[in-house]
Amino acid sequence: MALDKESFDILLPTLQRFIQERLVPAENYLEEHDDVPADIVEDMKEMGLFGLSIPEEFGGIGLSMSQEVQVAYEIGRTSLAFRSVFGTNVGIGSQGILMDGTPEQKASILPKVASGELIMSFALTEPDAGSDAASLKTRADLDGDHYVLNGTKRYITNAPRAGAFTLMARTGGPGAGGVSSFIVPSDLPGIKLGKTDKKMGQRGTKTCDVILENVRVPAANIIGGVPGQGFKTAMKVLDRGRLHISAVSCGMAHRIIEEATAYARDRKQFGKAIGEFQLIQAMLADSQAELLAGWALVQDVAQRFDGKPAHVSDPDVSMRVSCAKLFCTEMVGRVADRGVQVHGGAGYINEYPVERFYRDVRLLRLYEGTTQIQQLIIGRELLRQAS
Ligand code: COS
């Protein structure tokens, strides 16, 4: 799957213009109001951003992974909450259906996801199951032709906006093999949302608990129709999501370097622009070198991703995805830290974008698998390959 080159060559500059003309000027509004303006969401729908990764046959744009990372890089160059409006539709919310769903599930759900009419959200994490996702406790017990769901999902991105969840629950015994993925409409009786979480950064991104009390979900809503496959679906979805996040991290590093360079050129101390001092140049140079290294890695892994069918897992590619997530999210953390340092005291004041980017990027090292989980995946795979 890929968008033809000619169309992609139009899409990318259009998106760059949209980011510069519409999103960057709205960054302060986003920070102050903790919300994305409704007219911007409408424009995103019109541009097809909700359907970037959904094939054209289901009404999406049908980008390849190599194309998607370029789009993610661009959208990473502004406040990350803008991406999160459509990020779960493009990624973790919808990809499980695309990869493992039945033809009926794809046909009934994906066109609404692609148009943005339906916001999808991914519900894996629980109060007692974060990194150890296979230990999740939410129960799904068969009752006739329905499953009855009980449990709590935590920190669910876009839950307050969601029309449906891709939700993992336990239909069988302990461990990964007992987990199934469900499509759960958010308006079913028994679903309650917790209070919107107050976060360190990424203002405008909405997360909260999703509480399920005797929620009756048709058995036909198990993704792929077969119970016990849900953990694998979740892991495949996360592989893809982690690469997307790696590209977003590179885009954000690019923006922070731009901000820091502009500041270094304008700010004068000791009678000249601070950018003329080599200690400032060293910080910019380290950031730039790390960004280019991370971006080269992301593009390489995206090509390998495109080299296999999206629903088929390749442990070597998964390991490389984890390398990208590990390196790029840690990299942007260092870049943001240097960005604040170049700004001096001004970098700690919230009228400069670098102050909020510093807070925003902290989440990248946590969600869709912490740095330590990426290390574990890489380490395990190296040992497997060696045996
Ligand atoms: N693609 C497809 N299948 C995968 C897979 C992948 N990337 N990773 C693991 N699997 C399969 C395994 O092959 C195994 O299948 P079999 O039982 O048939 O052998 C099954 O899934 C269980 O895998 P594993 O034994 O590796 O599970 P663990 O419990 O050890 O967990 C980690 C593995 C830690 C990697 C996983 O729980 C994880 O990624 N945790 C982080 C969760 C996360 O990112 N949360 C963020 C929430 S979304 S913001």
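Order of listing sets the numbers, starting from 1, for every ligand and every atom in it.
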Neighbouring protein residues of ligand 1 - any heavy atom closer than 4.0 Å:
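Only Phe122, Thr125, Gly130, Ser131, Ala133, Ala134, Ala176, Phe231, Lys232, Met235, Lys236, Leu238, Asp239, Arg242, Ser313, Ser318, Glu368, Gly369, Ile373, Ile377, Arg380 have heavy atoms that fall under 4.0 Å of ligand 1, ordered by chain and number.
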Checklist entry - Who else is in Met168's hydrophobic cluster (ILVMFWY, side-chain heavy atoms under 4.5 Å, direct or via others)? => result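 Direct or chained contacts put Met168 with Ile92, Met99, Phe122, Leu124, Leu136, Val179, Phe231, Met235, Val237, Leu238.
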Exercise: identify the closest heavy-atom pair between Ala336 and Val361: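 Reported closest heavy-atom pair: CB-CG2, 3.8 Å.
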- prompt: Can you list the residues that meet the ring pair (Phe, Tyr, Trp, His ring centres under 6.0 Å) rule with Phe58, with sequence neighbours excluded?
  reply: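 By the ring pair (Phe, Tyr, Trp, His ring centres under 6.0 Å) rule, Phe58 matches no residue at all.
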- Salt-bridge test for Asp141 and Arg139: reply yes if a basic N is under 4.0 Å from a carboxylate O, no otherwise.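 Yes.
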Taking only residues two or more places apart in sequence or in another chain, which ones pass side chain to side chain contact (heavy atoms under 4.5 Å, CB included) with Glu27?
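Partners of Glu27 by the side chain to side chain contact (heavy atoms under 4.5 Å, CB included) criterion, ordered by chain and then number, come out as Val24, Thr78, Ser79, Phe82, Arg255, Arg356, Phe357.
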Is there a donor-acceptor pair under 3.5 Å between the side chain of Asp34 and the backbone N or O of Gly204?
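Pair found, side chain donor or acceptor close to backbone of Gly204.
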